[in-house]
Amino acid sequence: MRDVFFDELKSEIMKEERLLKDGKEKLALAPEGSLSIRKRAKGASYYQNIPQYNKNGYARKQLNISDNPVLIRELTEKRLQKEIIARCENNLPKLQKLLEQYRPASLEWIASETDGVYKQAMELRQKIMLEERLAEPYPKCPYNPKYHIHTTEGGEMVRSKSEQLLANTLYSYGIPFHYEEEFIYRIGVHGLKHVYPDFTILLPDGDKIIWEHLGLLHDLTYCERTARKLNLYQKNGYLLGQNLILTMDDCNGTFSSVILRHVIETQILPKLYGMRH
């Protein structure tokens with residue numbers, strides 16, 4: 001079971017641990033001293049500050065390195081790595097503590113941690129809610145007898161044999177879905193437009209997964225239209241690996257039922273808590 005924030009948190013910890021390790025290694029190899037810059041009427045002068053100790057205590061030796069761009073870059077890098085190290089050392093204990101204490105608030109996680117009769121009650125609740133959503137009418141792409149030529153086991157008219165296979169397989173798994181449901185998105189401040197995703201999978205408590213099956217990838221116009229469609233999905237919070245699924249026909253123009261079932265069992269059923277209708 002996945003939680004996006006939980007995954008991102010673990011990823012951030014791994015990233016900062018790597019930054020901390022790499023930063024310390026780079027700092028050990030950096031030239032001595034630090035960089036200071038003085039503005040001039042024309043440009044700036046760069047200095048290497050080298051700490052020294054004499055009989056009077058601490059002193060600083062300052063060398064003009066304006067004509068040494070390599071040393072300027074190395075000292076700049078040293079300063080950046082010191083800041084990265086400081087921030088990672090500040091962040092990591094807090095991130096680790098949050099990871100230990102964080103409990104996802106999604107229904108999926110709550111249901112997985114619930115036992116006994118309460119778990120059965122939650123499953124019944126979700127089943128009823130999904131049935132109610134499935135029974136509700138929804139705005140969809142107008143029927144066109146020129147294109148909607150294949151009938152599914154649920155009585156839906158779809159555009160291709162691949163969509164027919166997909167719809168029939170969803171039906172056999174008992175997965176509630178809408179075909180070519182209107183997806184409204186905003187253009188600018190006041191403008192609204194719409195597209196029609198191939199399949200919209202209905203999840204508990206209003207969540208959805210959009211499933212696009214790409215069947216005409218040999219058609220350049222279709223590919224360009226699909227690219228724009230995927231871009232607007234991303235802008236509206238639908239992301240691959242989370243709530244957006246893409247499949248496509250193979251080079252022979254067919255859709256593998258093995259791949260189809262794998263996608264359903266790994267990307268949809270876990271979010272439905274394994275329920276069937």
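Index from 1, following the sequence.
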Arg159 pairs by side chain to side chain donor-acceptor pair (under 3.5 Å) with which of His150, Gln164, Glu180? Glu180
Hey, are the side chains of Ile65 and Leu35 touching, using non-hydrogen atoms and a 4.5 Å cut-off? yes
Could you check if a side-chain atom of Ile85 sits within less than 4.5 angstrom of a side-chain atom of Leu20, using non-hydrogen atoms only? yes
Between the side chains of Lys140 and Glu182, is the shortest nitrogen-to-carboxylate-oxygen separation below 4.0 Å, so that they form an ion pair? no
List the atom of Ile37, the atom of Ala44, and the distance in Å for their closest heavy-atom pair. CG2-CB, 3.8 Å
Report the distance from atom CG of Leu244 to atom CH2 of Trp211, rounding to the nearest 0.5 Å. 11.5 Å
Step through it carefully: locate the ring centre of His194, locate the ring centre of Tyr185, and say whether they are under 6.0 Å apart. no
Would you kindly confirm whether Tyr138 and Ile209 end up in one hydrophobic cluster when ILVMFWY residues are joined by side chain heavy atoms under 4.5 Å apart? yes
Ile184 and Lys193: side-chain contact (heavy atoms from CB on, under 4.5 Å), yes or no, with the steps? CA-CA 6 Å; Ile184 299 175; Lys193 287 192 174 184; over 6 Å; no
Would you please indicate if the ring centroids of Tyr102 and Phe5 are separated by under 6.0 Å? yes
Determine, for Glu83 against Arg79, whether the closest basic-nitrogen to carboxylate-oxygen distance falls under 4.0 angstrom. no
Taking the side chain from Ser172 and the backbone from Thr169, do they hold a donor-acceptor pair closer than 3.5 Å? yes
Using the rule given for side-chain contact (heavy atoms from CB on, under 4.5 Å), can you reason through Tyr238 versus Lys208, listing the C-alpha separation, both sets of side-chain angles and the distance that settles it, and then say yes or no? CA-CA 9 Å; Tyr238 286 84; Lys208 296 179 179 180; 4.0 Å; yes
Does any part of the side chain of Ile13, heavy atoms only, come nearer than 4.5 Å to the side chain of Leu99, both counted from C-beta? yes
Nearest-0.5 Å distance, CD1 of residue Ile245 to CD of residue Gln242: 12.0 Å
Quick one: do Leu19 and Leu95 end up in the same hydrophobic cluster if we chain Ile, Leu, Val, Met, Phe, Trp and Tyr together by side-chain heavy atoms under 4.5 Å apart? no
For Ser162, is there any backbone N or O sitting under 3.5 Å from a side-chain donor or acceptor partner on Asp249? no
To the closest 0.5 Å, what do you measure between CZ (Arg73) and CG (Leu71)? 10.0 Å
Side chains of Asn252 and Thr254, donor plus acceptor under 3.5 Å: no
Side-chain donor/acceptor of Asn236 to backbone N/O of Leu232, under 3.5 Å: yes
Between atom CG of Leu230 and atom CG of Leu214, what is the distance when rounded to the nearest 0.5 Å? 7.0 Å
Checking Asn243 against Ile210 for the side-chain contact (heavy atoms from CB on, under 4.5 Å) test, could you report, in this order, the C-alpha distance in whole Å, the side-chain angles of both residues, the deciding distance, and whether it holds? CA-CA 6 Å; Asn243 50 7; Ile210 287 178; over 6 Å; no
Assess whether a salt bridge exists between Asp22 and Arg18, defined as any Lys/Arg side-chain N lying under 4.0 Å from an Asp/Glu carboxylate O. yes
Does a donor on one side chain and an acceptor on the other come within less than 3.5 Å for Glu77 and Gln81? yes
Backbone of His213 reached by a side-chain donor or acceptor of Asp198 within 3.5 Å: yes
When Glu89 is tested against each of Lys24, Lys82, Lys94 for salt bridge (charged side-chain N to carboxylate O under 4.0 Å, His left out), which residue passes? Lys24
Spell out, as yes or no, whether a donor-acceptor pair under 3.5 Å connects the side chain of Asn168 to the backbone of Glu153. yes
Is there a path of hydrophobic side-chain contacts, each under 4.5 Å between heavy atoms of I/L/V/M/F/W/Y residues, joining Leu239 to Leu203? no
If I take atom CG from residue Leu166 and atom OG from residue Ser257, how far apart are they, to the nearest 0.5 angstrom? 11.5 Å
Would you check if there is a donor-acceptor pair between the side chains of Thr200 and His178 at a distance under 3.5 Å? no
Closest non-hydrogen atom pair between Tyr179 and Met157, with its separation: CE2-O, 3.4 Å
Measuring centre to centre across the rings, with the benzene-like ring taken for any Trp, is Tyr233 within less than 6.0 Å of Phe183? yes
Please give me the minimum heavy-atom distance between Pro93 and Cys88, naming the atom from each residue. CD-O, 4.4 Å
Compare all side-chain heavy atoms of Glu32 with those of Gln48 and state whether any distance is below 4.5 angstrom. yes
Side-chain donor or acceptor of Asn91 paired with backbone N/O of Arg87 under 3.5 Å: yes
Within a 6.0 Å radius of atom OH on Tyr222, are there more than 12 heavy atoms belonging to other residues, nucleotides or ligands? yes
To the nearest 0.5 Å, how far apart are CD1 in Ile268 and CD1 in Ile175? 4.5 Å
Checking His262 against Val258 for the side-chain contact (heavy atoms from CB on, under 4.5 Å) test, could you report, in this order, the C-alpha distance in whole Å, the side-chain angles of both residues, the deciding distance, and whether it holds? CA-CA 6 Å; His262 176 74; Val258 175; 5.7 Å; no
Ion pair Lys15/Glu12, N-O distance below 4.0 Å: yes
Does Lys229, at its NZ atom, have more than 12 non-hydrogen atoms belonging to other residues, nucleotides or ligands within less than 6.0 Å? yes
His148 side-chain N/O to Asn144 backbone N/O, donor-acceptor pair under 3.5 Å: yes
Say whether Leu75 and Ile84 are linked into one hydrophobic cluster, either directly or through other cluster members, by side-chain heavy-atom distances under 4.5 angstrom. no
Could you tell me if the side chain of Lys78 sits less than 4.5 Å from the side chain of Leu27, heavy atoms only? yes
Do Ser45 and Arg40 have side-chain atoms, one donor and one acceptor, less than 3.5 Å apart? yes
Within one Ile-Leu-Val-Met-Phe-Trp-Tyr cluster: Val263 and Leu165, side-chain cutoff 4.5 Å: yes
Measure the shortest side-chain to side-chain distance between Glu181 and Pro197 over non-hydrogen atoms and say whether it is less than 4.5 angstrom. no
Side chains of Ile264 and Leu170 in contact at under 4.5 Å (non-hydrogen atoms): yes
Please find the pair of heavy atoms, one from Ile201 and one from Phe177, that lie closest to each other, and give the distance. CD1-CB, 3.9 Å
Any donor-acceptor N/O pair, Thr151 side chain to Gly155 backbone, under 3.5 Å: no
Close side-chain approach of Met248 to Phe255, heavy-atom, < 4.5 Å: no
Please answer whether the main-chain N or O of Asp7 pairs with a side-chain N or O of Ser11 as donor and acceptor at a distance below 3.5 Å. no
Considering residues, nucleotides and ligands other than Tyr196, do more than 12 of their heavy atoms fall under 6.0 Å from its OH? yes
